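Data first, discussion second: the structure below is written as structure tokens.
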Amino acid sequence: MCKDIPWKTLSEAYAFAGNSLLKPMTMTSTVGLDPAFWEAFPVFDDDAVAQAVEACACYAEEAGRRADEGEDGPQRASVEYTRLFVGPPSPAAPPWETMYRGKDVTVGFGQATFEMRELLRAVGLEVRNANNQYEDHMGIELLYLSELCRLRVIGQSATELADIAAFIEQHPLAWIEPFRDRVSEAAPNGYFAGLLLVAQRVLEHHAKLLTR
């Protein structure tokens, strides 16, 4: 089973999605607005992943048309990012797992934060960023998963396959859909709803590979 899992490609896909959720596009890469990037994005022979990637490609094509008319695509995506994940006065779609573990949660720091902090520490990672994000940020969870995949590639992983599967199911996959729903409600037809759908479909595919 392990030989059938494309660890390197999964690591790269998670890294792209994770990094895209941690900083606005004006501070990172703009490849998400390039249709060629999405044409080359891995779909893992999975129809659901392919459909999500195609939706992002369509968004990028439309962004290209708007750019020809004078729109600043990265700035548009960055404004959307700020409204969704920063505020003011508060994020329209809080990016922390804690906020999705119960009803009417208003503080983005809780048990999920501590759980992620311990998981990161176990593989020698810690969060260092200017925004002081909580460890249960979706971007950080995806980057943690990217690192687990990378360690598999180089043969230095001490994490069992069952533990990777459990992490996917209990952390990012457990709350990415309601998170995406909030994003879609606040910014319908925006960049990040599509990006999160790709991440969700990749997580679902990876989970199937691990439990097959």
Side-chain angles (χ1 to χ4, degrees), residues 10-11 13-24 28 48-49 52 80-151 159-187 190-208 210-211:
L10 285 165
S11 177
Y14 289 136
F16 169 74
N19 282 316
S20 298
L21 292 169
L22 284 169
K23 288 184 178 180
T28 57
V49 176
E80 180 187 334
Y81 176 98
T82 300
R83 183 158 58 89
L84 288 172
F85 309 134
V86 180
S90 59
W96 308 288
E97 181 179 349
T98 295
M99 303 289 282
Y100 300 85
R101 283 204 171 183
K103 293 182 178 180
D104 302 320
V105 179
T106 59
V107 179
F109 185 95
Q111 184 59 34
T113 315
F114 290 108
E115 291 171 8
M116 279 304 305
R117 188 172 293 174
E118 289 302 314
L119 288 168
L120 291 165
R121 185 178 295 127
V123 294
L125 299 175
E126 63 178 307
V127 175
R128 293 180 180 178
N129 59 76
N131 296 328
N132 295 316
Q133 291 288 2
Y134 300 134
E135 287 84 349
D136 59 333
H137 189 289
M138 178 60 75
I140 294 172
E141 292 192 2
L142 293 175
L143 288 178
Y144 168 75
L145 188 51
S146 174
E147 177 65 6
L148 293 185
C149 294
R150 187 189 71 83
L151 292 173
T159 307
E160 299 292 337
L161 294 182
D163 292 332
I164 297 175
F167 171 78
I168 292 173
E169 295 284 357
Q170 295 168 14
H171 287 280
L173 196 52
W175 65 284
I176 195 169
E177 186 163 349
F179 176 41
R180 181 170 59 82
D181 287 344
R182 289 204 196 182
V183 168
S184 298
E185 181 180 358
Y191 175 72
F192 289 97
L195 176 70
L196 285 169
L197 182 59
V198 170
Q200 180 180 347
R201 296 302 183 235
V202 173
L203 287 165
E204 290 168 347
H205 177 69
H206 193 182
K208 285 189 293 185
L210 288 166
T211 57

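We number each residue from 1, following the sequence as shown. The structure displayed is predicted, hence computed values, not measured ones.
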Applying ring pair (Phe, Tyr, Trp, His ring centres under 6.0 Å), name anything that partners Tyr14, two or more places apart in sequence or on another chain.
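Checked Tyr14 against ring pair (Phe, Tyr, Trp, His ring centres under 6.0 Å); matches are His206.
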Looking at residues at least two apart in the chain, or sitting in another chain, which of them share a salt bridge (Lys or Arg N to Asp or Glu O under 4.0 Å) with Arg83?
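Partners of Arg83 by the salt bridge (Lys or Arg N to Asp or Glu O under 4.0 Å) criterion come out as none, since no residue qualifies.
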Please identify each residue that fulfils salt bridge (Lys or Arg N to Asp or Glu O under 4.0 Å) with Glu204, with sequence neighbours left out.
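Testing Glu204 for salt bridge (Lys or Arg N to Asp or Glu O under 4.0 Å), a comparison that skips the adjacent residues, returns Arg201.
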Okay, side chain of Ser90, backbone of Gly87: is any donor-acceptor separation there less than 3.5 Å?
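Not a single qualifying donor-acceptor pair exists.
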For [X], side chain to side chain contact (heavy atoms under 4.5 Å, CB included) partners two or more places apart:
X      : result
Pro94  : Pro91, Trp96, Met99, Tyr100, Arg182
Leu143 : Ala15, Asn19, Leu22
Glu80  : Tyr59, Leu84, Ala187, Tyr191, Phe192
Ala112 : Glu97, Thr98, Arg101, Asp136

Looking at side-chain heavy atoms only, is the closest gap between [X] and [Y] below 4.5 Å?
X      : Y      : value
Phe167 : Met116 : yes
Asp163 : Leu148 : no
Phe85  : Val183 : yes
Glu160 : Ile164 : no

The criterion is side chain to side chain donor-acceptor pair (under 3.5 Å); which residues satisfy it with Glu118, sequence neighbours excluded?
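If we apply the side chain to side chain donor-acceptor pair (under 3.5 Å) test to Glu118, skipping adjacent residues, the hits are Arg121.
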Listed partners of Ser146 passing side chain to side chain donor-acceptor pair (under 3.5 Å), at least two apart:
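Once residues adjacent in sequence are excluded, the partners of Ser146 under the side chain to side chain donor-acceptor pair (under 3.5 Å) criterion are Ser11.
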Which heavy atom in Ile140 sits nearest to a heavy atom in Glu135, and how many Å separate them?
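Looking at all heavy atoms of both residues, the shortest contact is CG2-O, 3.5 Å.
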Taking all atoms of both residues into account, what is the closest heavy-atom pair of Leu120 and Tyr144, and its distance?
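Scanning both residues, the minimum pair turns out to be CD2-CD1, 3.7 Å.
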For the CZ atom of Arg150 and the CD atom of Glu147, what is their distance to the nearest 0.5 Å?
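That separation rounds to 4.0 Å.
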Matching residue for Leu145 among Leu203, Leu10, Val202 - test: side-chain contact (heavy atoms from CB on, under 4.5 Å):
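Per the side-chain contact (heavy atoms from CB on, under 4.5 Å) rule, the option paired with Leu145 is Leu203, out of Leu203, Leu10, Val202.
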Option from Leu195, Thr28, Leu142 for which side-chain contact (heavy atoms from CB on, under 4.5 Å) with Phe16 holds:
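Only one option passes, and that is Leu195.
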Suppose the criterion is salt bridge (charged side-chain N to carboxylate O under 4.0 Å, His left out): which pairs have a residue in residues 164-176, not counting sequence neighbours?
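Residue pairs with at least one partner in residues 164-176: there are none.
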Is the number of heavy atoms from other residues, nucleotides or ligands under 6.0 Å of Gln111 CD greater than 12?
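For Gln111, atom CD is crowded (more than 12 foreign heavy atoms under 6.0 Å).
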Please tabulate, for the side chains in residues 172-179, all donor-acceptor contacts under 3.5 angstrom to protein atoms that are two or more places apart in sequence or on a different chain.
{"residue": "Trp175", "atom": "NE1", "partner": "Glu141", "partner atom": "OE1", "Å": "3.2"}
{"residue": "Trp175", "atom": "NE1", "partner": "His171", "partner atom": "O", "Å": "3.2"}
{"residue": "Glu177", "atom": "OE1", "partner": "Gln200", "partner atom": "NE2", "Å": "3.4"}

